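Note that the structure is predicted; figures quoted are calculated from it, not measured.
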Amino acid sequence: MIKSIEWKVGGQQGEGVDSTGEIFAKTLFRYGYYVTSYKQFMSRIKGGHTNYKIRATQERTNYAGEQLNILLCLDQETLQVNEHELADGAVVIMEGDTSVRAEKHYTIAAFPLKKLATELGNALAKNMIALGISGALIGLPKEEFFLFIEDVFEKKGEQVILSNKAAVEKGYELVAQHLQHLVKPLEHVQKQDRLYISGNEATAFGSFMAGCRFLSAYPITPASEIMEWLSAQLPKVGGTVMQVEDEIAGITFAIGAAYAGARAMTSTSGPGISLKTEALGLAGMSETPIVIVDSQRSGPSTGLPTKHEQSDLQHMLYGTHGEIPRIVLYPSTIEDAFYIAAEAFNLAETYQCPVFVALDLVLSMNKTTVPPFDSTRVPITRGKLVTEEEAKSYGEHIFKRYRFTDDGISPRVLPGTAGGVHTASSNEHGEDGYITEDPEIRTQIMRKRMEKIKTAAIQNPYYSKNEDADVILVGMGSTRGIIEEALDVFEREGVRVGHVQIQQLHPLPIDRIAPILTGKKVISIENNYEGQLLNWLKQHLPIHSNAHKITQYDGNPFVLSRVIQEVRELI
Amino acid sequence: MATVKDFKGDSSTWCPGCGDYSVMAALQKAAVNLGLEPHEIVTVTGIGCSSKISEYMRTYGFHTLHGRSLPVAQGAKMANPNLKVIAAGGDGDGYGIGLGHFNHAVRRNIDITYLVMDNQIYGLTKGQTSPRSNHGFVTKTTQKGNKEYPVDPLSTAISNGCTFVAQAFSGDVKGLTEIIEKALEHKGFSLVNIFSPCVTFNKINTYDFFREHLVKVDEPFHTREEAIQIIKQQQGLLTGILFVEEREDFQEQLGIDWNMLAVKEGSMDEGQLRSFETLFK
Ligand SMILES: Cc1ncc(C[n+]2csc(CCOP(=O)(O)OP(=O)(O)O)c2C)c(N)n1
Ligand code: SF4
């Protein structure tokens with residue numbers, strides 16, 4: 001009995017790699033396993049190698065692994081590209097005349113999949129035969145596939161369901177006839193009530209549950225899925241998504257909607273963030289609460305549009321001319337993406353400023369298993385939003401929208417409210433919103449705006465483990481999984497290493513992380529050239545003398561072996 | 001009932017004689033005539049002399065970025081369809097940096113009114129050429145005469161499907177008021193391009209120039225083709241409501257129960273959470 005499995009399907013784009021991967025992932029997920037996936041694809045629609053990797057485990061992980069047990073090749077290239085990941089004893093399934101042969105440290109099993117599928121009356125079902133082979137190799141009950149097929153193809157009718165079931169059945173037969181000696185049954189586990197969800201979906205869903213009712217955006221990889229999910233779901237609850245003419249419209253529509261009282265957001269990736277920069281300043285200056293999701297990809301410029309990177313940090317922290325209040329959050333797991341997206345709306349309205357939710361391609365596009373979400377964990381708070389009675393009680397001809405208060409946060413009133421009439425402004429202004437260049441007022445109101453966010457905090461501003469270790473690995477976003485795995489490896493070797501994954505980048509929870517990092521060897525692990533996270537930490541903490549970075553900016557996420565090796569060299 | 005006095009905001013810094021005074025007076029009068037209250041209106045502006053109208057008028061205002069009044073205004077209307085939303089600004093703001101948004105706003109047909117104070121020059125930045133400046137026009141940035149030809153906002157709007165297109169003149173406050181009233185009443189996107197002279201920097205397109213050249217159109221043209229043809233013939237020097245079409249606006253087409261402002265304090269809706277979670281099982 002094995003307790004975990006790493007499986008991958010690869011082929012040319014357009015060959016059904018994605019749907020094949022999705023079916024296997026969901027089948028294992030429904031079987032009760034914890035599934036983490038990683039998709040690799042190119043910036044083109046047809047052609048070019050693509051693959052879908054799955055790691056199914058009994059315990060939760062945030063890393064899709066790098067030791068394949070089964071590799072399903074829908075083309076010749078798949079074996080070449082992925083051979084280095086094959087574990088000892090791996091099985092490679094491919095198209096060819098029926099044969100089973102040992103190769104180096106793995107076995108190649110070839111079957112005439114296309115011909116067999118055609119004989120079954122559905123040439124498209126060759127991937128289903130291969131899935132059947134995969135399932136049989138790990139002793140998965142056929143019924144698990146059947147249930148799923150019934151669900152997925154329900155709308156397509158009985159005939160499609162039957163032909164797909166027959167294809168899966170064929171796969172099981174082939175294993176029984178030719179590969180029985182290679183079967184390694186996966187231990188049966190209790191079925192769990194869990195979700196299989198991507199970072200983009202979790203971010204969209206968290207926003208939705210927090211009451212976001214308006215998203216305006218422009219399509220861009222890897223952020224589009226957020227817009228697509230909300231486009232389908234928001235109208236059901238009286239909200240809407242607008243695909244607008246460009247990213248500038250994306251953010252300015254959202255600012256208009258937020259000003260008028262909706263919980264509003266925009267989602268994009270690096271190039272879009274660049275375009276939104278001026279309007280980011282408008283949100284800061286006019287104290288309008290909006291949420292901006294930056295699902296990062298490889299830059300600069302158009303960069304590697306479908307590849308992974310974490311290089312917009314400086315842009316989120318500093319982008320826009322002048323200085324504005326801003327909050328920058330960066331969930332490190334798909335589950336946290338849900339809660340942090342929800343918290344982002346609370347912070348935006350409480351502190352009346354733009355809030356970034358940073359994702360990266362790996363976090364955005366890949367799926368994992370998470371427990372059902374907790375509806376009580378992030379209560380909805382709308383900040384100082386005044387009612388008509390309260391607005392009238394001020395008795396002002398022009399409502400002082402930017403009133404000086406002890407905490408720097410001014411009561412906000414929505415257009416349409418009698419007693420609250422005022423002008424919100426992008427120009428420097430006094431308490432009433434009217435333009436002023438008075439140095440005294442400028443100084444005061446600038447201070448009010450900049451300092452009001454000092455107390456902003458999310459529930460889990462960072463994740464940490466082994467805080468007292470002498471060596472601390474720090475990271476942000478999707479590197480969480482790899483660092484957790486590295487810690488496990490070191491633990492097994494008896495080397496004590498700590499981990500801090502920062503989820504609130506601005507304002508940085510300095511009081512809490514300073515004691516963990518000061519006086520230690522700090523090694524940041526980031527997917528960018530400059531070590532943007534480390535530079536940001538160095539600005540706030542006295543860690544200069546013993547700070548190191550491990551970076552990778554080739555468009556791909558880290559693999560565990562490399563991280564282990566480089567950390568080892570540094571400690 | 002609100003009076004014009006109720007619509008007075010900050011004191012103005014426009015040059016004496018600037019055409020924008022009349023636009024503001026006409027807008028205030030139109031709002032009063034329609035029985036609107038200051039809190040029911042949102043005036044969203046870009047950047048420029050003309051865009052300061054959101055500060056000088058007393059309504060809910062949003063003085064935004066150069067060229068971005070339209071998307072902000074459309075966003076506000078999307079969030080709360082009960083608001084009367086007006087976008088306003090200059091020709092540089094709307095047809096220069098904001099031209100992309102203009103075309104898309106027109107074809108989207110969200111129910112807002114767009115007032116463009118067209119002085120054929122950049123006023124606030126002190127007299128450079130604008131996308132509405134005539135060919136050959138001499139300014140600080142076109143010292144040997146403008147080599148470009150002006151944008152034609154009327155034909156552009158009409159050909160892109162605008163459902164209300166009008167042009168007016170600051171020298172005729174009465175006519176201007178009537179047109180703005182009609183525009184505010186129109187369901188869908190309404191454009192009012194207003195010749196609003198810059199007395200400081202534009203010595204060609206003056207009040208006298210417009211009095212001499214403008215031709216009044218009494219009734220909207222019947223087809224878009226006819227409207228465009230006559231606008232061309234008259235080199236755009238027309239006033240009046242030029243084209244109107246009754247069509248469902250954007251929000252009506254969506255046909256959803258609007259509920260954007262309903263977010264309440266408290267915990268997330270447990271039932272909703274569980275029902276949408278099934279999408280991920
Ligand atoms: C992004 C950006 N670019 C340039 C400017 C400078 N600017 C302010 S107003 C303006 C032009 C104003 O012309 P117009 O819109 O015709 O308004 P007017 O002042 O003539 O009423 C410019 C270029 C700016 N504020 N923002
Ligand atoms: S510079 Fe021109 S547009 Fe600006 S206020 Fe003076 S007259 Fe009006």
Visitor: Check side chain to side chain contact (heavy atoms under 4.5 Å, CB included) between A:Leu275 and all other residues, then give those that pass, not counting sequence neighbours.
Guide: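 So A:Leu275 forms a side chain to side chain contact (heavy atoms under 4.5 Å, CB included) with A:Glu247, A:Ile248.
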
Visitor: For a quick test of reading the model, state the closest non-hydrogen atom pair linking B:Ile110 to A:Phe253 and the distance between them.
Guide: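 Heavy atoms of B:Ile110 and A:Phe253 come nearest at CD1-CE2, 4.3 Å.
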
Visitor: Give me the atom names and distance for the closest heavy-atom approach of A:Thr240 to B:Met260.
Guide: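 Looking at all heavy atoms of both residues, the shortest contact is CG2-CE, 3.6 Å.
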
Visitor: Of all heavy-atom pairs between B:Leu83 and A:Ala260, which one has the smallest distance, and what is that distance?
Guide: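 In this case the closest contact between B:Leu83 and A:Ala260 is CD1-CB, 4.1 Å.
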
Visitor: Rounded to the nearest 0.5 Å, how far apart are CG of A:Asp374 and CD of B:Glu270?
Guide: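 If I round to the nearest 0.5 Å, the distance is 8.0 Å.
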
Visitor: Chain A heavy atoms under 4.5 Å from B:Leu273: which part of the residue, side chain, backbone, both or neither?
Guide: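 It is both, since atoms from each part get that close.
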
Visitor: So for B:Lys52, is it side chain, backbone, both, or neither that comes closer than 4.5 Å to the heavy atoms of chain A?
Guide: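 For B:Lys52, side-chain heavy atoms alone lie under 4.5 Å from chain A.
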
Visitor: Of the non-hydrogen atoms in A:Arg213 and B:Asn259, which two are nearest, and what is the gap between them?
Guide: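 Scanning both residues, the minimum pair turns out to be CG-O, 4.3 Å.
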
Visitor: Looking at every non-hydrogen atom in both residues, tell me the closest pair between B:Val42 and A:Tyr259 and how far apart they are.
Guide: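 Shortest heavy-atom separation between B:Val42 and A:Tyr259 comes out as CG1-CE2, 3.8 Å.
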
Visitor: Pull out the residues in residues 198-208 of chain A that come under 4.5 Å of chain B, heavy atom to heavy atom, sorted by number.
Guide: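 Heavy-atom contacts from residues 198-208 of chain A to chain B are A:Glu201, A:Phe205, A:Phe208.
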
Visitor: Any donor-acceptor pair under 3.5 Å linking the side chain of A:Ser375 with the backbone of B:Asp269?
Guide: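 Not a single qualifying donor-acceptor pair exists.
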
Visitor: For the candidates A:Ala257, A:Ala342, A:Gly250, which exhibits the highest count of non-hydrogen atom pairs separated by less than 4.5 Å from chain B?
Guide: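 Option with the greatest count: A:Ala257.
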
Visitor: Would you say the ring centers of A:Tyr196 and B:Phe280 fall short of 6.0 Å from each other?
Guide: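 For A:Tyr196 and B:Phe280, the ring centres are not under 6.0 Å apart.
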
Visitor: Heavy-atom distance under 4.5 Å to chain A: side chain of B:Ile47, backbone, both or neither?
Guide: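 Only the side chain of B:Ile47 comes within 4.5 Å of chain A.
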
Visitor: Using every non-hydrogen atom in the two residues, find where A:Arg382 and B:Glu265 come nearest and quote the distance to one decimal.
Guide: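 Minimum heavy-atom contact is N-OE2, 2.7 Å.
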
